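The structure under discussion appears below in the form of structure tokens.
For ligands, and for the atoms within them, numbers begin at 1 and follow the listed sequence. Computed from a predicted model, the values in this text were never measured in an experiment.
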Amino acid sequence: MTDKSALRASLRAAREARPPVDIPVPSAFLTRLKPGLTVASYVPFGGEADPSPFARAAVDAGCVIALPHVVRRSLPMRFLSWATEAALIAGPFGLHQPAADAAELEPDIILTPLVGFDRSGNRIGQGAGYYDRAFLAHPNAWRVGVALSLQEVDMLTPDPWDVPLHAIATESDWITP
Ligand SMILES: Nc1nc2c(c(=O)[nH]1)N(C=O)[C@@H](CNc1ccc(C(=O)N[C@@H](CCC(=O)O)C(=O)O)cc1)CN2
Ligand SMILES: Nc1ncnc2c1ncn2[C@@H]1O[C@H](COP(=O)(O)OP(=O)(O)OP(=O)(O)O)[C@@H](O)[C@H]1O
């Protein structure tokens, strides 16, 4: 646990020290997009990789976009409908989120912000367990991490509750464990 939080702190610092980079959208991602699918994106903060090119490709393919919405740790994160250009509301931790009464959607693809990852698809996030719980609640969703390559670590030891990613996109790689 201490290991995980020390690693999280150093990876966060590395991520923030780095100028923004564009993550290209791989063709393997594009081919999964179908009209009417729900793609959960996120609004990046703290140097997180920007998933907008993926969300834009999804909109162009006729998909519906959802964004995560959290209230507090004891409550599950929900994915709420977001129309491009719709206003976002200030939430906890300085987050920008859809309004709490936006429609809740079942995501088919979850673009996942990462603090760290390895080539087996293990990940660490903010440490609140929101995404791990969401992955259990939406087991059929395709879990795609979006990250900078400098967030890769040799090997993460997963905790029992950790749910691995199906794929990870970085500025230089498309990793499918
Ligand atoms: N862009 C983005 N949106 C997201 C997430 C995310 O990781 N990235 N989430 C993924 O779960 C949810 C928000 N979860 C969060 C959970 C904890 C903290 C947090 O603890 N922040 C602390 C500590 C930061 C630090 O130690 O530096 C803070 O702001 O005080 C922030 C967001 C939903 N939306
Ligand atoms: N399915 C679950 N049910 C209940 N609690 C969970 C579940 N998954 C994770 N948690 C709790 O969440 C906490 C944080 O887990 P972890 O350190 O793996 O965070 P993380 O993977 O970085 O966070 P996130 O999933 O939000 O990105 C742990 O204390 C864990 O007990």
Counting only heavy atoms not in D22, do more than 12 sit closer than 6.0 Å to its CG atom?
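Counting other residues, nucleotides and ligands, CG of D22 stays at 12 neighbours or fewer.
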Any donor and acceptor pair, going by atom type alone, linking the side chain of [X] with main-chain N or O of [Y] inside 3.5 Å?
X: T112; Y: I110; answer: yes
X: R15; Y: L11; answer: no
X: R133; Y: A128; answer: yes
X: D132; Y: F135; answer: no
X: R8; Y: G125; answer: yes

Where do I23 and A49 come nearest, in terms of heavy atoms and distance?
CD1-CB, 4.0 Å
Could you tell me which atoms of ligand 2, counted from 1 in the order shown, lie closer than 4.0 angstrom to a heavy atom of [X]?
X: L136; answer: 1 (N)
X: A128; answer: 12 (O), 14 (C), 23 (O), 26 (O)
X: G125; answer: 20 (P), 21 (O), 22 (O), 27 (O)
X: Q126; answer: 22 (O), 27 (O)

In terms of atom number and element, which parts of ligand 1 are under 4.0 angstrom from non-hydrogen atoms of [X]?
X: V43; answer: 1 (N), 2 (C)
X: M77; answer: 33 (C)
X: P113; answer: 6 (C), 7 (O), 8 (N)
X: Y42; answer: 1 (N)

May I have the list of side-chain donor-acceptor pairs in residues 140-150 shorter than 3.5 Å, sequence neighbours left out?
residue : atom : partner : partner atom : Å
R143    : NE   : P164    : O            : 2.7
R143    : NH2  : P164    : O            : 3.1
R143    : NH2  : H166    : NE2          : 3.4
S149    : OG   : E171    : OE2          : 2.5

Using a strict 4.0 Å threshold on nitrogen-to-oxygen distance, state whether D108 and R32 make a salt bridge.
no
Among [options], which one has a heavy atom closest to [atom]?
atom: atom 8 (N) of ligand 1; options: E16, E48, H69; value: E48
atom: atom 12 (O) of ligand 2; options: S74, G129, S5, A134; value: G129
atom: atom 2 (C) of ligand 1; options: F45, F93, F79; value: F45
atom: atom 31 (O) of ligand 2; options: W161, F135, Y131, Y130; value: W161

[X] versus ligand 1: do any nitrogen or oxygen atoms come within less than 3.5 Å of each other?
X: Y130; answer: no
X: L95; answer: no
X: Y131; answer: no

Report the C-alpha distance between Q151 and R12 in whole Å, list the side-chain angles of each, state the deciding distance to 0.1 Å, and finish with yes or no for side-chain hydrogen bond (donor to acceptor under 3.5 Å, both in side chains).
CA-CA 9 Å; Q151 292 170 251; R12 274 201 186 115; over 6 Å; no
Can you see whether N122 engages S120 through a side-chain donor-acceptor pair at a distance of less than 3.5 angstrom?
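No pair is found: no donor N or O on one side chain lies under 3.5 Å from an acceptor on the other.
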With a 3.5 Å cut-off and no angle check, do the side chains of Q97 and R78 form a donor-acceptor pair?
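No pair is found: no donor N or O on one side chain lies under 3.5 Å from an acceptor on the other.
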If you have a sec, work out which protein heavy atom is nearest [atom] and how many Å separate them, to one decimal?
atom: atom 34 (N) of ligand 1; value: P68 CG, 3.6 Å
atom: atom 23 (C) of ligand 1; value: R12 NH2, 4.5 Å
atom: atom 7 (O) of ligand 1; value: Q126 CG, 3.2 Å

Record the part of D132 in heavy-atom contact with ligand 2 below 4.0 Å; permitted values are side chain, backbone, both and neither.
both
Would you kindly specify which portion of V115 sits under 4.0 Å from ligand 2, judged on non-hydrogen atoms: side chain, backbone, both or neither?
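Answer for V115: neither.
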Looking only at distances, please establish whether an N/O atom of ligand 2 is found under 3.5 Å from an N/O atom of R73.
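Min N/O separation from ligand 2 is not below 3.5 Å for R73.
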Judging by distance only, is a nitrogen or oxygen of I124 under 3.5 angstrom from one on ligand 2?
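N/O-N/O distance under 3.5 Å: no.
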Can you tell me which portion of Q97 lies within the under-4.0 Å heavy-atom range of ligand 1? Options are side chain, backbone, both, or neither.
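For Q97, there is no contact with ligand 1 at all, from either part.
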Does R123 have a heavy atom less than 4.0 Å from any atom of ligand 2?
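Judged by the 4.0 Å heavy-atom criterion, R123 does count as contacting ligand 2.
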Which residues end up grouped with L136 if you chain together Ile, Leu, Val, Met, Phe, Trp and Tyr wherever their side-chain heavy atoms are less than 4.5 Å apart?
none
Do H96 and F45 make the cut of ring centroids closer than 6.0 angstrom?
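When the ring centroids of H96 and F45 are compared, they turn out to be at least 6.0 Å apart.
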